[in-house]
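Please see the structure below; I have some questions.
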Amino acid sequence: MRLDGRTVVVGLSGGIACYKACEVVRLLVGAGARVPVIMTAGAQQFVTPLTLQTLSGQPVATDTFNLTQESEIGHIRLADAAECLLIAPATANVLAKLATGIADDLLTTVMLATRARVVLAPAMNVHMWEHPVVQENLARLVARGARVVGPATGALACGYEGAGRLADPADIFEEVSAALVPQDLAGEHVLVSAGPTQEPVDPVRYLSNRSSGKMGYALARVARRRGAVVTLVSGPVGLPPPPGVQLVTIATAAEMADAVEAALAPATVVVMCAAVADYRPRRPSARKMKKTPGTLTLELEPTRDILAGLGARKGQRLLV
Ligand SMILES: Cc1cc2nc3c(=O)[nH]c(=O)nc-3n(C[C@H](O)[C@H](O)[C@H](O)COP(=O)(O)O)c2cc1C
């Protein structure tokens, strides 16, 4: 999504993931956003203001009481200019301060002074993340309207495995984009099908088609960005799942039909853009078929017609 003319203030607090936040700033700037950066004293232990200033093309704000910064940048001007305030990484410390209204440095002061939408990307050690006080603080911030992206699960810089990794920069970018668009699909539940199906011929061969899944994935991404709850039923594709979308993966037309059926009840909008096979081999071989001289005839039978089945159960749903 392009962000030309939009202002996203990015705050970095003191975690090892600061180096990844540099990539987030780069993505936002690359999409055309104006990206003033605020760094806590802790953040400056991990990356330098010079790095962020170079990436953002803006002076970096670090100090509430610096005469030059206050006259040239100004904490209230920063707070007012922000359409979205992203904190990435958000430390346990900064979450606690935001939850309780402490404003003892520039980032937390701007956070209190802004009316902008807030996106938090927490990153920390798994035990810190699981600590009840961190979860309570986060719940308070969410209840006040903050959007949270991540943390992701995996190997952590501290040597532990678990939840606590900063979300992928592309996922953080997506969450900021969502914070900047009207949530006109809030309350809708959109069910999207995407990609091809694969109909087995034998355990190693299948009949399929060239569907990339790109259209369904793009629709799912945009619907979620605009506030919908999204279920994406997808055949085998080489695309990363859109963040925040419930992904159900299937291979065959029969599995697609079952998955769509199972996800239908809560859906208010159904968009079928999967390229579902019309036919499948009548008797797939249980073993790898051997090459034999001469031609090979495969007998095909029709697959279940998902659209016809949906038509019968459409109800009040918008069916595309
Ligand atoms: C090497 C190192 C890595 C750290 N990584 C994190 C981290 O990923 N998340 C976190 O919440 N705190 C982390 N901390 C602790 C914070 O830096 C510390 O709580 C600090 O007071 C945060 O200040 P700030 O929130 O104002 O930036 C780390 C500390 C050190 C020394």
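Note that ligands are numbered from 1 as they come in the structure, with each ligand's atoms numbered from 1 the same way. Note that these values count all heavy atoms, side chains included, but never hydrogens, waters or copies made by symmetry.
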Hey, is R117 close enough to E83 for a salt bridge, meaning N to O under 4.0 Å?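 The answer is no: the pair does not qualify as a salt bridge.
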Are V118 and L86 connected into the same hydrophobic cluster when the rule is that any two of I, L, V, M, F, W, Y join if their side-chain heavy atoms are below 4.5 Å apart?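 In one cluster with L86: V118, no.
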Run through ligand 1 for me and note each protein residue having a heavy atom under 4.0 Å from it, chain first, then residue number.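 For ligand 1, the residues that come within the 4.0 Å heavy-atom cutoff are S13, G14, G15, I16, T40, G42, F46, T91, A92, N93, V94, A123, M124, M128.
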Identify, with sequence neighbours excluded, every residue that meets ring-ring contact (aromatic ring centres under 6.0 Å, His included) alongside H127.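 H127 satisfies ring-ring contact (aromatic ring centres under 6.0 Å, His included) with Y160 once adjacent residues are dropped.
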I'd like to know if the side chain of T268 pairs up with that of E188 as donor and acceptor (distance under 3.5 Å, no hydrogens or angles considered).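 There is such a pair (donor and acceptor under 3.5 Å, judged by atom type) between the side chains of T268 and E188.
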Kindly give the cluster partners of M272, where membership spreads through any ILVMFWY side chain lying under 4.5 Å from a current member.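 Listed partners: L191, V233, V248, I250, M256, V260, L264, V270, V276, I306, L307, L310, L319.
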N/O donor-acceptor pairs under 3.5 Å from side chains in residues 8-22, not counting sequence neighbours:
from: S13; atom 1: OG; to: P89; atom 2: O; distance (Å): 2.6
from: S13; atom 1: OG; to: T91; atom 2: N; distance (Å): 3.0

